[in-house]
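So that the names make sense, note that chain A is the first sequence line, chain B the second, and so on, each numbered from 1.
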Protein chains: 2
Amino acid sequence: MTQALGMPRSLGEIYGLLYATPQPLAFQDIVARLEMSKGSVSQGLRFLRTVGAIKPVVLAGDRREFFEPVVELRQLVAGFLRERLNPQIEIWGARAKALKPADFALETLSDKGRGTLANRLEKLKTWQKRAGTVLPMVSKLLG
Amino acid sequence: MTQALGMPRSLGEIYGLLYATPQPLAFQDIVARLEMSKGSVSQGLRFLRTVGAIKPVVLAGDRREFFEPVVELRQLVAGFLRERLNPQIEIWGARAKALKPADFALETLSDKGRGTLANRLEKLKTWQKRAGTVLPMVSKLLG
DNA sequence: CATTAAGTTCAATTAAAAATGAACTGAGGG
DNA sequence: CCCTCAGTTCATTTTTAATTGAACTTAATG
């Protein structure tokens, strides 16, 4: 699944291990169990944390940090939308807004062509608005 | 956007060119305009077609096939969900169903651990069902 | 404070994905 | 029928992304 959404496989492996393990695991446990480099695990955990797919657990009397999976689908999806999709939509929307009809070679076009382009330019701008309202709804639908 | 969703940049370029051009374009137009190889354009167009992001247009008296963009966000999203996400969810769901408690080293676990695992295993199965009902709703929301 | 264990960073390497391009197929047109 | 044009296929190359690993921080411990 992570790969289908354009994220590294290692993320899926780490999350999967945490999911399949009833106790929280420490950094080193993951490195050992997945035979993965510390670097990958470090970056993987960081991303999973920012996305809200895992949560840190402190165990008394242990210096290490432990992790357990967030098992609510709603939160996983919300995190993905927030951290991955939304930023791109922002960028995309900003660019769409900056586009002016003059950015196209309008002089060379028929009236009909100009109309079509103007239409599409408008549509582009509504897309972003629509995304902005729909994405939060999706998160809620899964709650 | 296409890259954020784990698809090649070239797809975005082709769709973008079609979107920014009021007339339908032929295969060769795209190759020329994007300075892209025939191979890439061929594969790109094929994917965009299966996803329903473009539609073929036949112009009378011209042997070539022309394309124009599908500009309805709803259809674009629906196509992505159908062609990219759903297949993965199917696979994932099938695997989840095939998992048995015995696939985990249950003997080595406390009762609490066993309970947690059984819970998660159940949850995994509900995820797929939920996805199956929510994805179509998403498509409709955008309509 | 020195030491050691825990985790991070990032340049270099490796692996994966995408783009290329040449050889191929197949449909019209002459 | 043969030739040309339109597009496809796929092995190779190129590009991009992910992984590694060694050097570096940071913080707890004796």
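Classification of E90(B) and R95(B) as a salt-bridged pair fails, no side-chain N sitting under 4.0 Å from a carboxylate O. With respect to the salt-bridge test (charged N to carboxylate O, under 4.0 angstrom), the residues R49(B) and E65(B) qualify.
Taking 4.0 angstrom as the limit, S37(A) places none of its side-chain polar atoms (N or O) nearer than this to OP1 or OP2 of dT19(D). Contact between the side-chain N/O atoms of S10(B) and the OP1/OP2 oxygens of dA19(C) is found at a separation under 4.0 Å. Remark: R46(B) is in phosphate contact with dT9(D), judged by side-chain N or O atoms under 4.0 Å from OP1 or OP2.
For the pair M7(A) CE and dA17(C) P, the computed distance is 15 Å after rounding to whole Å. Taking atom CE of residue M36(A) and atom P of nucleotide dA18(D), one finds them 13 Å apart after rounding to whole Å. The interatomic distance linking L45(A) (CG) with dT9(C) (P) rounds to 12 Å, in whole Å. Summarising the geometry, the separation between CG on L48(A) and P on dA18(D) is reported as 14 Å, rounded to the nearest angstrom. Atom P of nucleotide dG7(D) and atom CD1 of I14(B) are separated by 13 Å, given to the nearest angstrom. The distance between atom CZ of F27(A) and atom P of dT26(D), rounded to the nearest whole Å, is 16 Å. If you take CZ of R64(B) and P of dG7(D), they are 7 Å apart, rounded to a whole angstrom. Distance L59(A) CG to dA28(D) P: 16 Å, rounded to the nearest Å.
Comparing dA6(D), dA28(D), dT16(D) by their closest approach to the side chain of R9(B) singles out dT16(D). Side-chain atoms of P8(B) lie closest to dA18(C) of the nucleotides dA18(C), dG7(C), dT9(D). Proximity note for S40(B) (side chain, C-beta onward) versus dT19(D), dG7(C), dA19(C): the nearest is dA19(C). Minimum atom distance to the side chain of Q28(A) is reached by dG7(C), of the listed dG7(C), dT19(D), dT8(D).
Counting heavy atoms of neighbouring residues, nucleotides and ligands inside a 6.0 Å radius, atom NZ of K125(A) exceeds 12 of them.
Ranked by how close their nearest DNA chain C nucleotide is to the 5' end, D62(A) and Q43(A) are led by D62(A). Taking for each of E13(B) and G39(A) the nucleotide of DNA chain C with the nearest heavy atom, the 5'-most of the two is the partner of G39(A).
Rounding to the nearest 0.5 Å places CD1 of I14(B) at 9.0 Å from OG of S42(B).
The two atoms that bring M36(A) and S10(A) nearest to each other are CE-CB, 3.8 Å, heavy atoms only.
Between the side chain of R63(B) and the base of dA27(C) there is at least one donor-acceptor pair of N/O atoms closer than 3.5 Å.
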